[in-house]
Amino acid sequence: MHLSPWRGLLVAIIALLIPLAIVLASLEYGSAEAELRFSQGPEVPTLDPQKMQDVSGGRLAGALFEGLLVFDPATSQPRPGVAERWEISPDGLVYTFGLRKTARWSDGSPVTASDFLYSWCRALDVRTASPYNYMLHPIKGSKQYAKATEGLEGKTARQIAERLSEARKGLGILVVSPTELRVTLKQPTRSFLDLVTFQTYLPVKRECVERMVDGRPAEDPAWTHPGKIISNGPYLLEVWKLKWKMRLVRNPFYWNRDKVKIGVIEVYPIEDANTAYIQYEQGLLDFITTVPPLAAEKLFKQQKQGRRDDFYCDEQFGTYYYRFNCTKRPFDDLRVRKALALALDKQELVDKVGRLNQRVAKAFVPPHIGWYKGPRGLDRDPELARRLLAEAGYPGGEGFPEVSLLYNTSESHKNMAELAQEQWKRELGINVKLTNLEWKVYLQKVTNLDYQIARAGWIGDYLDPNTFLDMFVTDGGNNNTGWSNAEYDRLIKEAAGQGDTARQAEIFRRAETILVEQELPILPVYVYKTSSLIRPWVKGFHPNPINRIMFNDLWIERPGDRR
Amino acid sequence: MTRFVINRLLWFVPTLLAIYTVSFALMQAAPGKPFQTEKNISPEVRKQLEHEYYLDRSWPAAYLLTLRDLVTLRGQQSMYYRDWNTIRDILGPSFIVSLALGLLALAISIVVGLLVGIFSALRRYSAMDHVVTGLTLLGISLPSFVIASLLLMVCGFWLAILPAGGWGSWRQLILPSLALAAFPAAYIARLTRNSMLDVLPTDYIRAAYCKGLSGRRVIFVHGLKNAFLPVLSYIGPAAAGIFTGSFVVEKIFSIPGVGFHFVTSATNRDHPLILACVMLYATLLLVMNLLVDIGYAALDPRIRYD
C-alpha cells in the first residue's frame with residue numbers, strides 16, 4: 001500500500017483531530033464558583049444512608065438528608081432536626097417524636113412519620129444489606145422483623161407485602177399520625193437519642209428509591225444520582241461525577257434554609273493526601289480533613305508557635321491498639337500478655353512515631369464521654385514485666401517462641417511496629433518478627449485468628465462505651481482474639497439494660513477493668529488524632545471526637561465584610 | 001491487506017476470551033474476600049451481597065453470567081461503589097478522560113521525541129547532543145511517580161504556575177501529560193537518533209541531496225520515513241505503558257481516569273470492576289497493536305501481509 005502525499009496528509013490531519021476532539025470532550029466548561037471547596041480524601045462508595053459505612057459518606061449524607069435529631073458538633077449532643085420535640089416515657093422504653101409540619105422533601109412533599117418507618121425498616125431489611133443494621137437493634141422486634149425479610153426470593157409482590165406488614169405488627173415503630181412517630185425499645189437505652197442522629201437512621205423517600213420492575217417494586221441502585229435523588233436536608237446534590245467532583249447547593253425546600261449560610265459547596269475526592277495538601281496551600285481548596293503525616297508534624301509546630309491559625313489537630317474517639325491471639329502459645333498465657341503490655345514504652349512510640357502529641361492510652365475507651373470514667377489501666381513497669389515473663393517460663397526471653405507482629409501496609413504502622421519490636425527486645429529480650437500484609441489479606445488473617453500479635457484501630461461511631469466494649473464479648477463479630485470471659489460477657493449484658501446512668505457507668509468500668517487491667521487480650525497504645533486545615537475565614541467549625549461536620553452550621557466571614 | 005485486518009479482528013475474540021478466563025480464575029483464587037471490612041458485617045448481610053454479585057453460584061454459572069454482563073455491556077453494579085454501574089457509570093466517563101490524557105501524552109512524546117532525536121542526530125557529538133543524551137537517559141531512568149511528584153512540587157507548589165492536579169480545565173492537562181510523556185519521549189528520542197544515524201549516510205539520502213532537494217525535505221520526508229520504523233514498533237508498547245502506567249499519575253494529580261480504577265479495584269476485591277477494567281485494557285492494547293501493524297504496511301512498501 002502506497003500513500004500519496006495528499007492522502008498521507010489527510011490521514012495525519014484526521015489522526016490528530018480525533019485525539020483533539022477526545023481531549024476537548026473530556027474537559028469541563030463554564031462551572032460557576034463555589035463558596036467552599038472541601039476535600040475529605042477518597043471518593044465515597046455510596047450516598048445511600050442505609051448502605052454507607054464510612055465517616056466521609058456520613059458527612060455528605062448529613063448535608064443531604066436530615067434525621068429526626070441532628071448531631072450538634074458544638075456540644076456533641078443531639079439537637080432537633082425533623083423532630084421539633086420529643087418525650088421519653090418514665091420507664092425509658094417509649095420515645096415519642098413530634099415532627100415539624102414545615103419539613104419538606106426536595107420535591108415539595110412533606111416529610112412524614114411514614115418516611116421514617118419506611119427507612120428504618122429498609123435498614124433492617126436483609127435485602128438492603130446494610131452494614132450498620134445492628135444500630136437499629138435497640139428497637140423492639142427489630143431482629144424478628146429482619147428475620148422476616150429473609151427468603152423472600154421468588155415470592156409474589158402480594159406475598160411479600162403480606163409477610164412484611166405482619167412482621168411490622170411486632171416492630172416497635174408506630175406511625176401515630178403523619179407528624180408523630182412512637183418508638184418502643186427492648187430495654188432502656190441511654191444513647192438512643194445519639195443513635196437516632198446516626199446516618200443509618202436518616203429518612204429516604206420510598207418513591208425516590210423504588211421503581212416498578214416487572215410489576216413488582218425494586219430498588220433503583222442509581223437513585224442517589226443527581227436528578228433522581230430526593231432529599232430533605234440543608235443541601236441538594238446538583239453534580240456528582242465519580243472521583244471528580246460533587247456539588248452541593250442550598251436546598252430551597254429545607255425548613256431552616258434561612259440559617260444555611262453557605263450556598264454552594266464543592267467536594268473534591270482526592271486520593272493522595274499530599275496532593276490535597278498542596279492544593280490547599282495553593283489556594284485551590286478551602287477545607288481539608290486529610291493532612292499527610294509529615295506535613296501534619298510541621299503544621300503542628302507552626303500552629304504552636306502561632307505562625308498559623310488554620311490547622312486543627314484534635315483527638316478522635318478512637319484507639320490504636322495491638323491484639324493478642326489468645327488461642328495459641330505464647331499469648332494464651334496471661335502473664336506473657338501482661339509482660340509485653342508492661343514493657344511497651346507507649347510514650348516513646350508517641351514521641352518518636354506519632355509525633356502529634358497523641359495521648360497515651362492505658363484504657364480502651366477514649367476519655368471523651370462526659371458521664372463515663374474508665375479504669376486507670378496499667379502503668380509501664382519493665383521490672384514487673386520481666387518477672388512475669390520469667391514466671392511464665394521464659395526468663396530473660398529464653399525459649400520464647402518466634403512470634404510475629406502483623407500490620408497492614410502503611411509507613412506509620414511500619415515505624416510503630418519497628419519501634420515496638422525494638423522495645424520488646426530491649427526490655428524483655430524477646431524477638432518479634434514483623435509481617436506486613438495488604439489490607440484485605442491482613443483483615444482475613446485477623447478474622448481467621450491466623451496471627452500472634454496484630455495491629456488494630458477502632459473508632460467509635462457514637463459517644464458510648466459500648467461501641468468499644470461490646471466488641472470483646474465471647475464470639476463477638478469484631479473480637480478476633482479468641483478471648484472469652486464469662487464475667488465480662490455478663491457485665492456487658494447487664495450494662496446494656498441499665499437505665500440509671502451512674503449504675504451503667506459503674507458496670508462498664510468493671511468490665512473495662514477486666515479488659516485492660518486484668519486479662520489484656522488487647523494492648524491499647526494511643527488515642528487517635530485527626531488533623532484538618534480550614535481557612536480562617538470559614539467560621540462555625542467545631543472539631544469533635546466523632547468527626548462530624550455540619551455544613552449548614554458554617555458561614556464565611558472575610559475581613560472587610562460588612563456585617 | 002483487508003484480509004489481513006479481518007483476520008486479525010477475528011483473532012480478537014479468542015484472545016479476549018482467554019484473557020477473561022485467566023482473569024476470572026485469578027480473581028477467584030486471590031486471598032481476601034470482597035466484603036470484608038474492619039467492622040465485620042452480619043452473616044445474613046454478607047449472604048445477600050454475595051447473592052447479588054453471583055458469588056454464591058457455581059463457578060461455571062458465575063463465569064457465564066459475568067461474561068454475559070460484559071459482552072452485552074450491561075455491566076454489574078460495582079461492589080465498592082455501590083451506587084454506580086461498572087461499565088456505564090464508572091468506565092465510560094473515566095475512559096474518555098484516560099484516553100484524552102493518554103493520547104495527549106502519546107502525541108507529545110512522539111513529536112518531542114522525533115524532533116529531539118532528529119536534531120541530535122544532525123548535530124552528532126556536539127555539546128547539544130551530549131546534553132540531550134543525558135536528559136534522555138534521565139527520562140528513561142526516573143520512574144513516572146518521581147517525575148510526577150517532581151513536576152507537582154516544582155510547578156504546583158514552589159513556582160505555583162500550574163494547578164496542582166484536578167481535571168477539567170486545559171491548564172490541568174499540562175503537568176499530567178508531561179509526566180506521562182517523559183519516558184516514551186526520551187525513549188523515542190534515543191531510538192530516532194540511532195535510526196537517523198543509520199539512515200543518513202546511506203546512498204539514497206546522498207542521491208537526494210545530489211538531486212538538489214532541500215535539506216528539510218531530505219530529512220523529514222525521505223530520511224524520517226525510513227528511520228521511523230523502529231519508533232513505530234515502539235508505539236504499541238508505549239501506548240500500553242502510558243495507558244496502564246497512568247495509575248500513578250492519576251493518583252498524584254487526582255485525575256478521574258481508568259488507571260486508578262484498574263489498580264484499586266484489585267485491592268478492593270471489586271470483582272465486576274476488575275474484570276471490566278481488564279477487558280477494556282486488553283481490547284485497547286489489541287486495537288493499538290493492530291493500528292501499529294497497519295501503519296507498518298502503510299509506511300514500508302516492502303512489507304506485505306499476504
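In what follows, chains carry the letters A, B, and so on, assigned in the order in which the sequence lines appear, proteins first and then strands, with residues in each chain numbered from 1. Values reported hereafter were calculated over all heavy atoms of this structure, with side chains retained and with hydrogens, waters and symmetry mates removed.
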Side chain, backbone, both or neither: which part of A:Leu47 has a heavy atom under 4.5 Å from chain B?
-> both
The reported gap from CG in A:Leu284 to OG in B:Ser254 (rounded to nearest 0.5 angstrom) is 11.0 Å
Look at atom CG of A:Asn448 and say whether more than 12 heavy atoms of other residues, nucleotides or ligands are closer to it than 6.0 Å.
-> yes
Drop me the distance from B:Arg82's CZ to A:Thr224's OG1, to the nearest 0.5 angstrom.
-> 11.0 Å
With respect to chain A, which residue among B:Ser169, B:Ser78, B:Gly156, B:Gly165 yields the maximal number of heavy-atom pairs within a distance under 4.5 Å?
-> B:Gly156
Examine distances only and state if a side-chain atom of A:Glu271 and a backbone atom of B:Phe260 form a donor-acceptor pair shorter than 3.5 Å.
-> no
Are A:Trp240 and B:Asp83 side-chain neighbours, meaning at least one heavy-atom pair lies under 4.5 Å?
-> yes
By a 4.5 Å heavy-atom criterion (distance strictly below it), what part of B:Asn85 contacts chain A: side chain, backbone, both, or neither?
-> neither
Is there a donor-acceptor contact under 3.5 Å from the side chain of A:Thr275 to the main chain of B:Ile252?
-> yes
Note: vs chain B, highest number of non-hydrogen pairs under 4.5 angstrom among A:Pro269, A:Gly477, A:Ala146 is A:Gly477
Given a strict heavy-atom distance threshold of 4.5 Å, which part of A:Asp220 is in contact with chain B: side chain, backbone, both, or neither?
-> neither
Are B:Glu52 and A:Arg127 ion-paired here, with the side-chain N under 4.0 Å from a carboxylate O?
-> no
Interatomic distance, A:Lys245 atom NZ to B:Trp167 atom CH2 [nearest 0.5 angstrom] | 13.5 Å
If you round to the nearest 0.5 Å, how far is CH2 of B:Trp84 from OG1 of A:Thr46?
-> 10.0 Å
Hey, what do you get for CG (B:Asp89) to NZ (A:Lys241), rounding to the nearest 0.5 Å?
-> 13.5 Å
Residue among A:His225, A:Glu150, A:Glu438, A:Glu281 with most heavy-atom pairs under 4.5 Å to chain B | A:His225
Any chance you could lay out the side-chain contact (heavy atoms from CB on, under 4.5 Å) test for B:Tyr81 and A:Val44, step after step, and finish with the verdict?
-> CA-CA 8 Å; B:Tyr81 296 108; A:Val44 293; over 6 Å; no
Is the number of heavy atoms from other residues, nucleotides or ligands under 6.0 Å of B:Leu115 CG greater than 12?
-> yes
Do A:Gln279 side-chain atoms and B:Ala164 backbone N/O form a donor-acceptor pair below 3.5 Å?
-> yes
Non-hydrogen atoms of chain A under 4.5 Å away: do they reach the side chain of B:Pro93, the backbone, both or neither?
-> neither
Give, as side chain, backbone, both or neither, the part of B:Leu101 having an atom under 4.5 angstrom from any heavy atom of chain A.
-> neither
Using a cut-off of under 4.5 Å on heavy-atom pairs, state which of A:Val441, A:Leu242, A:Leu20 scores highest against chain B.
-> A:Leu242
Rounded to the nearest 0.5 Å, what separation is found between the CH2 atom of A:Trp244 and the OG atom of B:Ser94?
-> 11.0 Å
How close do A:Lys243 and B:Pro256 get, heavy atom to heavy atom, and via which atoms?
-> O-CB, 3.6 Å
Given a strict heavy-atom distance threshold of 4.5 Å, which part of A:Trp223 is in contact with chain B: side chain, backbone, both, or neither?
-> neither
For the candidates B:Leu104, B:Thr264, B:Leu99, B:Leu106, which exhibits the highest count of non-hydrogen atom pairs separated by less than 4.5 Å from chain A?
-> B:Leu99
Interface moiety of B:Thr267 toward chain A, non-hydrogen atoms closer than 4.5 Å | both
Going through the checks in order, is the side-chain contact (heavy atoms from CB on, under 4.5 Å) test met by A:Ile278 and B:Met153?
-> CA-CA 8 Å; A:Ile278 290 177; B:Met153 284 302 287; 3.7 Å; yes
Quick one: which of A:Ile270, A:Val446, A:Asp48 has the most heavy-atom pairs under 4.5 Å with chain B, could you say?
-> A:Ile270
Is there a donor-acceptor pair closer than 3.5 Å between any side-chain N or O of A:Gln282 and the backbone N or O of B:Phe157?
-> no
Side chain / backbone / both / neither for A:Thr128 at chain B, heavy atoms under 4.5 Å | backbone
